[in-house]
Number of protein chains: 2
Amino acid sequence: MAATLHDVARLAGVSIKTVSNVINDYPHVRPETRERVERAIGELGYTPNLTARNLRSGRTGAIALAIPDLSLSYFAELAAAVIAAAEDAGAVVLVEQTDGDRDREIELLKSQRLKLTDGLIFSPLGMSQEDVAFLDVPYPLVVLGERIFDGPADHVTMRNIEAARAATEHLIAAGRRRIAVIGAHEGEVIGSAGLRLRGYREALAAAGIPFDADIVGFTTLWHRANGATAMRELLARGVEFDAVFGLNDTLALGAMRVLQEAGRRVPDDVAVIGFDDLDEARYSIPSLTTVHPGQDWIARTAVTTLLERIAGAGEATPPRLLLADYRIEVRESAPAVEISAA
Amino acid sequence: MAATLHDVARLAGVSIKTVSNVINDYPHVRPETRERVERAIGELGYTPNLTARNLRSGRTGAIALAIPDLSLSYFAELAAAVIAAAEDAGAVVLVEQTDGDRDREIELLKSQRLKLTDGLIFSPLGMSQEDVAFLDVPYPLVVLGERIFDGPADHVTMRNIEAARAATEHLIAAGRRRIAVIGAHEGEVIGSAGLRLRGYREALAAAGIPFDADIVGFTTLWHRANGATAMRELLARGVEFDAVFGLNDTLALGAMRVLQEAGRRVPDDVAVIGFDDLDEARYSIPSLTTVHPGQDWIARTAVTTLLERIAGAGEATPPRLLLADYRIEVRESAPAVEISAA
DNA sequence: GTGAAAGCGCTAACAA
DNA sequence: TTGTTAGCGCTTTCAC
C-alpha cells in the first residue's frame with residue numbers, strides 16, 4: 001500500500017498539516033522541520049494521492065478531447081497538437097472517439113465519463129445546427145469545427161469560406177476555368193463541405209465563371225477511398241475539367257491517384273488543390289498544393305480558452321468565436337504560375 | 001453546485017445509503033422506494049461524483065497510453081485501436097506523448113501525472129534494453145514495441161524477425177535478388193530496426209544471397225522525409241538494386257516517391273515492400289505491398305491484459321510476452337508473381 | 001510555526 | 001429493506 005500523509009507525519013514526528021505545508025510549498029515552515037519531513041517523504045517514497053486532492057479541490061487537471069476518429073490524419077494531427085498544448089499548460093488529456101456519430105456525440109456530452117475531467121474540447125461531426133441546444137452543458141466546453149455555430153460555448157475554428165475562396169482563386173489565377181470539386185454534401189449550408197463549397201462559388205462568381213453542377217462530386221465521408229470513387233465517377237461522366245478542388249487533403253489525394261491512373265498528368269492536364277495541409281500532403285507525388293488552415297493555432301487556442309474557462313468557472317463572459325488564419329501552401333500539384341498544357 | 005447523494009436523499013426522504021443502493025443497482029430495494037429515489041435524481045439532475053467514487057474504490061476507470069507522437073500514423077492508428085478497445089471494456093484513455101525522448105519516457109514512468117489512471121500502456125522509443133529497470137513501477141504496466149525485452153512487465157508486440165523475413169522472402173520469391181533496405185539503425189540489435197534487419201538477413205542467407213552493406217540505407221527517424229533522403233543517397237551512390245524493403249511504411253512511401261521521380265518504375269524496375277500496413281498504404285500510387293503486423297490485436301490485447309492486471313492487482317503472475325500474428329498484404333508495389341522488366 | 005479537526009462525496013460494514 | 005457511520009487521503013480553517 002502506498003504511503004499517505006499520515007505515514008509521513010508519523011515517521012517525521014509532526015502532524016499531517018506540517019507535511020501538507022511542506023508538500024504545497026507553504027513558506028512558513030522551519031527549515032529543520034522541512035528537512036525532516038522531506039527525509040521521511042523520501043524514505044517512504046511518498047507521492048500525494050491525486051484523487052484525494054481532486055476530491056478536495058474539485059479539479060482533476062485533466063481535460064477531455066472528443067473527436068471522430070484518431071485514425072483520420074486530420075484529427076490525429078489535431079489531437080497531437082492539443083495534447084502538446086495541454087502539457088505545456090500542465091494539463092493532461094483524455095481522448096474520446098465518437099466516430100462522427102450524432103447519437104454518440106450527444107451521449108458523450110451528457111456522459112459521466114467526462115466527470116473525470118475539468119472540461120471538454122469537442123469536435124462534432126454528426127451533430128448539426130439544430131442540435132445546438134445540446135451544447136448547453138454544465139461544464140466548461142470549447143467547440144471546434146463547422147457543424148454548429150452561435151452555440152452557448154466558445155468556438156474555435158477556421159475561416160472556411162475565405163480559405164476555400166482563396167484556394168479557388170489560386171487555381172483561377174493559374175489559368176484554370178473548369179474547376180471540379182470533390183466532397184460536396186447534398187444540400188449542406190454550414191459544415192465544412194457547405195462552407196467550402198460556398199467559398200468556391202464566391203470565387204467563381206467573382207471571376208465571372210459560371211457554376212457547373214456537373215463537375216461537382218458528392219461524397220459524404222471524407223476518406224481517401226471516397227475521393228477516389230468520386231473522381232472515377234467524374235471521369236466516367238466524361239465531363240471536362242482542368243482543375244480539382246478536393247474539399248480536404250485526403251479527398252484530393254484519392255482523386256489525384258485516380259487521375260494519374262487514368263493517364264491525366266498533374267498538374268499539366270489537371271491541377272489539384274486540397275484543404276488541411278496534412279503532413280502527408282508534402283510527400284505525395286506530386287506534392288499537394290493545399291490550404292493550411294492553422295490547426296496548430298486552433299489546438300493551442302482551444303486549450304488556453306478552455307483552461308481560462310475552467311479557471312474562471314464562475315464568471316459568465318459571453319461565448320467567443322475565435323478564427324484561425326489560413327494560407328495557401330503552394331506545391332507541385334497546383335503551382336502558382338500557369339502551366340501550358342502539352 | 002452539483003447535487004450530491006445527500007440532496008437526493010433529502011428530497012426523496014430516504015437515507016443516502018438507499019440512494020447509493022439505487023445508483024449501484026443493489027437488488028434489495030423496494031420498487032416504490034427505488035422509484036421515489038429515481039424521481040429525485042431526475043429532478044435534481046444528480047450524477048455521481050466520480051472523483052469521490054474513485055477515492056473510495058482506489059480506481060479511476062482510466063488508463064494511460066504513452067506513445068511517441070500521435071502525428072505519426074502508426075501511433076495514431078494504434079491509439080485509435082487502444083481507445084476503442086478500452087471503451088468496449090468501459091475504460092477511458094489518457095494519452096501522453098513522449099516524442100520518443102528517453103528522458104521524457106523515464107520521467108513519465110515515475111510521474112504523478114499517471115496517478116489519475118489505474119495503469120499504463122507504454123510504447124517506448126528512446127529507452128533501450130539497459131533501461132529495463134525503469135519498467136519496475138508500482139502500478140500495472142503493459143509495454144509495447146521492440147525497445148525492451150524481458151522486463152518486469154507484460155509485453156505485447158509483433159514478430160518482427162519472422163515478419164521481416166517473410167517480407168524479404170516475398171521479394172525473393174518474385175525473383176528479386178538485389179534488395180535494398182531503408183531505415184536501418186547503426187549497430188542496433190534489438191529495436192524494430194535491428195530485428196527487422198535481422199529477419200531480412202536471415203531470408204537472404206536462406207536463399208543463398210550475399211548480404212551487401214552498400215544497399216542498406218541508414219536513417220534514425222522513420223518519417224517519410226527520411227525515407228526519401230535515404231533513397232536519394234542510395235541512388236546517388238549508383239548502386240544497383242531491384243527491390244526495396246522499407247522498414248516501415250512511411251519510409252517505403254518516401255522512398256517510392258523518390259524512385260518514381262528518378263524515373264524508376266515501381267514495381268517493374270524496383271519492387272517496394274513496407275511494414276505496418278498503414279491505412280495510407282492502400283492508397284499510394286502504386287498501392288504498397290506491406291507487412292500487416294496485427295496492430296489491432298496488439299491494441300486489444302494490451303488493453304485486456306492491462307485491465308486484468310488492474311483487476312487482479314494483488315496477484316503476482318509472472319510477466320508475459322504476447323506476440324501478434326502477421327501477414328503479408330500483397331498490393332501493387334510488389335506483386336506476388338515475377339514481373340518481367342520491359 | 002505547528003496541530004486538531006472538519007469535510008470534499010462516496011461506499012460498505014454493521015445495525016436496526 | 002433501510003439507516004448509521006466510519007473512513008478513502010487530502011486541504012484548510014482555526015486555534016494554540
Side-chain angles (χ1 to χ4, degrees), chain A residues 1-41 44-62 112-118 138-139 313, chain B residues 1-41 44-62 112-118 138-139 313:
Chain A
M1 206 45 216
T4 75
L5 268 191
H6 285 94
D7 300 327
V8 177
R10 203 176 314 123
L11 182 61
V14 299
S15 82
I16 62 167
K17 175 58 164 79
T18 304
V19 181
S20 176
N21 282 342
V22 170
I23 290 167
N24 297 297
D25 286 322
Y26 181 70
H28 307 297
V29 179
R30 213 184 303 142
E32 65 189 66
T33 315
R34 176 181 298 275
E35 205 206 328
R36 203 142 40 95
V37 169
E38 276 167 352
R39 201 163 39 237
I41 289 176
L44 293 170
Y46 168 79
T47 76
N49 178 317
L50 286 198
T51 311
R53 189 175 276 180
N54 295 341
L55 177 56
R56 273 300 318 204
S57 67
R59 296 270 169 76
T60 69
Q112 289 120 6
R113 299 164 64 89
L114 295 175
K115 286 294 202 129
L116 228 44
T117 62
D118 297 332
Y139 50 81
Chain B
M1 205 48 214
T4 74
L5 269 191
H6 285 94
D7 300 328
V8 177
R10 202 176 315 124
L11 182 61
V14 298
S15 81
I16 62 166
K17 176 57 164 79
T18 305
V19 181
S20 176
N21 283 341
V22 170
I23 290 165
N24 297 296
D25 286 322
Y26 182 72
H28 307 297
V29 178
R30 213 186 300 142
E32 66 190 64
T33 314
R34 176 181 297 277
E35 205 205 329
R36 203 141 40 95
V37 169
E38 277 167 350
R39 200 163 39 236
I41 288 176
L44 293 171
Y46 167 79
T47 76
N49 179 318
L50 286 198
T51 310
R53 189 177 276 180
N54 295 341
L55 177 57
R56 273 299 319 202
S57 66
R59 297 271 169 74
T60 68
Q112 288 121 7
R113 300 164 64 91
L114 295 174
K115 286 295 203 125
L116 227 46
T117 62
D118 297 333
Y139 49 81

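Atom set for the values below is all heavy atoms of this structure, side chains included, hydrogens, waters and symmetry mates excluded. Here is the naming used below: chain letters follow the sequence lines, and residue numbers restart at 1 for every chain.
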Enquirer: So, are A/Arg39 and A/Glu35 salt-bridged, with charged N and O less than 4.0 Å apart?
Expert: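 Judged by the 4.0 Å cut-off on N to carboxylate O distance, A/Arg39 and A/Glu35 do form a salt bridge.
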
Enquirer: What residues from residues 14-26 of chain A pass a heavy-atom cutoff of under 4.0 Å to DNA chain D?
Expert: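 Those residues are A/Ile16, A/Lys17, A/Ser20, A/Asn24.
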
Enquirer: Under the ring-ring contact (aromatic ring centres under 6.0 Å, His included) rule, what pairs show up with a residue in residues 9-29 of chain B, not counting sequence neighbours?
Expert: B/Tyr26-B/His28

Enquirer: Would B/Thr51 and A/Thr60 count as a side-chain contact (heavy atoms from CB on, under 4.5 Å) here? Give the steps.
Expert: CA-CA 8 Å; B/Thr51 310; A/Thr60 69; 4.3 Å; yes

Enquirer: B/Arg10 has an atom CZ; how far is it from atom C1' of D/dG3, in whole Å?
Expert: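 Going from CZ in B/Arg10 over to C1' in D/dG3 covers 16 Å.
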
Enquirer: Looking at every strand, decide which applies to A/Arg30 at a 4.0 Å heavy-atom threshold: base, sugar-phosphate, or nothing.
Expert: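 Here A/Arg30 touches the backbone only, sparing every base.
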
Enquirer: Whole Å only: how far is the CG atom of A/Leu50 from the P atom of D/dT11?
Expert: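 Distance, rounded to whole Å: 10 Å.
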
Enquirer: Side chain of A/Tyr46: nearest nucleotide among C/dT11, C/dG1, D/dC10?
Expert: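 Selected nucleotide: D/dC10.
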
Enquirer: Near DNA chain D, under 4.0 Å by heavy atom, which residues of residues 31-40 of chain B?
Expert: B/Thr33

Enquirer: Could you check if a side-chain atom of B/Asp25 sits within less than 4.5 angstrom of a side-chain atom of B/Arg34, using non-hydrogen atoms only?
Expert: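 Yes; the side chains approach each other to less than 4.5 Å.
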
Enquirer: The criterion is salt bridge (Lys or Arg N to Asp or Glu O under 4.0 Å); which residues satisfy it with A/Arg56, sequence neighbours excluded?
Expert: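 If we apply the salt bridge (Lys or Arg N to Asp or Glu O under 4.0 Å) test to A/Arg56, skipping adjacent residues, there are no hits.
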
Enquirer: Suppose we call a contact any N or O donor and acceptor under 3.5 Å apart; does that hold for the side chain of B/Arg53 and the base of C/dG9?
Expert: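 There is none.
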
Enquirer: CG of B/Leu55 versus P of C/dC8: gap in Å, rounded?
Expert: 13 Å

Enquirer: Quick check for you: among D/dT1, D/dT12, C/dG9, whose closest atom lies nearest to any side-chain atom of B/His28?
Expert: D/dT1

Enquirer: Please say which of B/Val29, B/Ile23, B/Val22 ends up in a side chain to side chain contact (heavy atoms under 4.5 Å, CB included) with B/Val37.
Expert: B/Val22

Enquirer: Donor-acceptor pair, A/Ser57 side chain versus A/Arg53 backbone, under 3.5 Å?
Expert: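 Yes; at least one donor-acceptor contact below 3.5 Å.
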
Enquirer: Under the salt bridge (Lys or Arg N to Asp or Glu O under 4.0 Å) rule, collect the residues that match up with B/Glu38, sequence neighbours excluded.
Expert: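 Per chain and number, B/Glu38 pairs via salt bridge (Lys or Arg N to Asp or Glu O under 4.0 Å) with no residue.
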
Enquirer: Within this structure, what is the CG-to-C1' distance between A/Asn49 and C/dC10, rounded to whole angstrom?
Expert: 14 Å

Enquirer: How many whole angstroms separate atom CZ of A/Arg59 from atom P of C/dG9?
Expert: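 One finds 14 Å between P of C/dG9 and CZ of A/Arg59, rounded.
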
Enquirer: Tell me which of B/Val29 and B/Ser57 sits closer to the 5' end of DNA chain D, going by the nucleotide each one is nearest to.
Expert: B/Val29

Enquirer: With rounding to the nearest 0.5 angstrom, report the CG to CG distance, B/Leu55 to B/Asn49.
Expert: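 B/Leu55 atom CG to B/Asn49 atom CG measures 9.5 Å (nearest 0.5 Å).
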
Enquirer: Quick one: are A/Leu116 and B/Leu116 in side-chain contact, heavy atoms under 4.5 Å?
Expert: no

Enquirer: Which whole-number value in Å describes the distance from A/Arg56 CZ to D/dC10 P?
Expert: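 Computing the A/Arg56:CZ to D/dC10:P distance gives 13 Å.
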
Enquirer: Figure out the NE2/C1' separation between A/His6 and C/dA4, and round it to whole Å.
Expert: 11 Å

Enquirer: Angle between the two end axes of the helix from C/dG1-D/dC16 to C/dA16-D/dT1, five base pairs per end, rounded to 10 degrees?
Expert: 40°

Enquirer: How long is the line joining CG of A/Leu5 and P of D/dC8, in whole Å?
Expert: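 Rounding to the nearest Å, CG of A/Leu5 and P of D/dC8 are 12 Å apart.
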
Enquirer: What are the two closest heavy atoms between B/Leu5 and B/Ser20, and how far apart are they?
Expert: CD2-N, 4.2 Å

Enquirer: Within the structure provided, determine whether A/Thr18 and A/Arg30 are in side-chain contact (heavy-atom separation under 4.5 Å).
Expert: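 They are not in contact (no side-chain heavy atoms under 4.5 Å apart), so the answer is no.
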
